[in-house]
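Here the structure is a predicted model, which is why all the values come from computation and not from measurement. In what follows, every chain begins at residue 1, and chains take the letters A, B, ... in the order their sequences are listed.
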Amino acid sequence: MSSALNLSHEPVTKIPHGKLVMWAFLASELMFFSGFFGAFIVLRNSNYPIFGAGSNHLNVPLALLNTFLLIGSSLTMALCIHNLRLQRRGNAKLFMGLTLVGAFGFLVVKTIEYSAKWNDHLFPGQSEHTTFYSFYFLMTGFHAMHVIAGIIPMIYIFSKMYTKGGYDHPVKVEVLGLYWHFVDLMWIFIFPALYLMIPFHGGGGHH
Amino acid sequence: MSHEHSAAATTHNLGHDAHAHEDHGIKDYLKVFYALCFFTLLTVGAAMMEFPDALGHWKDTLHVTVGVIIAVIKVVMVMYIFMHLKFDHPLLRLMVYIPVFLFFVMCFGLNFLETWDYSYVTR
């Protein structure tokens, strides 16, 4: 019997190192996004008509669908971790699969949205749409990249779950889960900021 | 020896907690999920609403204010339940509060300064 100190987690707080590092990374990610949000809010308030006109072209029902897809995949990720901890491999596999479906669904909807914007000539460089659509593509684009970055380890873990040994690292999935919930959190801010800042009747800010 | 004991005790506690709160955990997750869906629809509803003229300049800004408040409620729920902040060591919360505070300073604090400055100059 060894009497070695268990170094898989921080001795005082009992938090696994991976989780601690992920929280530190998410803190830096938050600072990354706060630059966009800060600039967006300041410019929006001094260019209200331009931002209002840009925002009125956005497809709110599609963004709402995307919100539900991300919230749903956040739930299934939490349930996957829960089941993995309880050694219920079948359930964990199912919920990881559902999380992937939500993530891919989000990207599909995003692609539909982007191509519609492209066809309607709503992108930077189109005179009056430059300012708003720079922010639109910058913020949703970086967010979509985060979704893609989350999908890659998810596919790895999901495929490992199909091997004979299964995937028995609930802490690693928990760390990935933290990242995935963060992606959801950023969308919770991006959705109202870009899509809903002008009332639908279109009157606000145009007088 | 004591280290080994505490490590074993931790493992035991983790296993015990996982079983004891098994269904409790799923219920919490589902509750948060339903609340997130409800608050999302509420944000859209607030954005579609036309507020009465009696509110003055708040008429044009109230939907933004409501949107931000709802977003903060949603964020707190996700962080405490989905991201397990409620169940982890309190020291971790400190590490999370500081960047979240800075995020709001960057987004809103600076913005208030800016707004105040412009109205002051153009008055």
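Annotation: maximal heavy-atom pairing with chain B below 4.5 Å, among Thr67(A), Asn83(A), Ile71(A), occurs at Ile71(A). Between chain A and the residues Cys37(B), Pro90(B), Gly67(B), Ala46(B), the largest count of heavy-atom pairs under 4.5 Å involves Cys37(B). Across Thr43(B), Leu91(B), Leu92(B), the residue that shares the most heavy-atom pairs under 4.5 angstrom with chain A is Leu92(B).
Within a 6.0 Å sphere centred on CZ of Phe101(B), other residues, nucleotides and ligands contribute 12 heavy atoms or fewer. Atom OH of Tyr97(B) has more than 12 neighbouring heavy atoms from other residues, nucleotides or ligands inside a 6.0 Å radius. No more than 12 heavy atoms of other residues, nucleotides or ligands lie within 6.0 Å of CZ in Phe104(A), so this atom counts as exposed by the packing criterion.
With a threshold of 4.5 angstrom between heavy atoms, Ala193(A) does not approach chain B through any atom at all. With a 4.5 Å cut-off on non-hydrogen atoms, Ile98(B) does not touch chain A at all. No part of Val68(B) comes within reach of chain A, as not one of its non-hydrogen atoms sits under 4.5 angstrom from that chain. Of the atoms belonging to Met83(B), heavy atoms from both backbone and side chain fall under 4.5 Å from chain A. Both the backbone and the side chain of Leu102(B) come within less than 4.5 Å of a heavy atom of chain A. In this structure, the portion of Val96(B) lying under 4.5 Å from any heavy atom of chain A is its side chain and not its backbone.
A salt bridge links Lys19(A) to Asp88(B): at least one charged side-chain nitrogen sits closer than 4.0 Å to a carboxylate oxygen.
For the atom pair Leu36(B) CG and Phe68(A) CZ, the distance stands at 10.0 Å (nearest 0.5 Å). To the nearest 0.5 Å, atoms CE (Met106(B)) and CZ (Phe33(A)) are separated by 13.5 Å.
Checked against the 6.0 Å centroid criterion, the rings of Phe103(B) and Phe189(A) qualify as a close aromatic pair.
Using a 4.5 Å heavy-atom cutoff, the side chains of Thr40(B) and Phe191(A) are in contact. A heavy-atom distance below 4.5 Å is not found between the side chains of Ile188(A) and Phe39(B). Between Leu75(A) and Phe82(B) the shortest side-chain heavy-atom distance falls below 4.5 Å. Contact check for His82(A) versus Asp28(B): no side-chain heavy atoms found under the 4.5 Å cut-off. The side-chain heavy atoms of Leu64(A) and Leu41(B), taken from C-beta on, include a pair separated by under 4.5 Å. Side-chain contact check for His84(B) versus Leu178(A): every heavy-atom pair is 4.5 Å or farther apart.
Val78(B) and Asp184(A) get closest at one heavy-atom pair: CG2-OD2, 4.4 Å.
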Q. Should Val64(B) and Arg44(A) be marked as a side chain to side chain contact (heavy atoms under 4.5 Å, CB included) after you check the CA-CA gap, both sets of side-chain angles, and the distance that decides it?
A. CA-CA 12 Å; Val64(B) 177; Arg44(A) 167 196 174 275; 3.4 Å; yes

**Q.** side chain to side chain contact (heavy atoms under 4.5 Å, CB included) between Tyr29(B) and Thr76(A), intermediate numbers included
**A.** CA-CA 9 Å; Tyr29(B) 293 145; Thr76(A) 54; over 6 Å; no

Q) Can you check side chain to side chain contact (heavy atoms under 4.5 Å, CB included) on Met95(B) and Leu20(A), steps first, answer last? A) CA-CA 9 Å; Met95(B) 191 177 143; Leu20(A) 215 52; 4.2 Å; yes

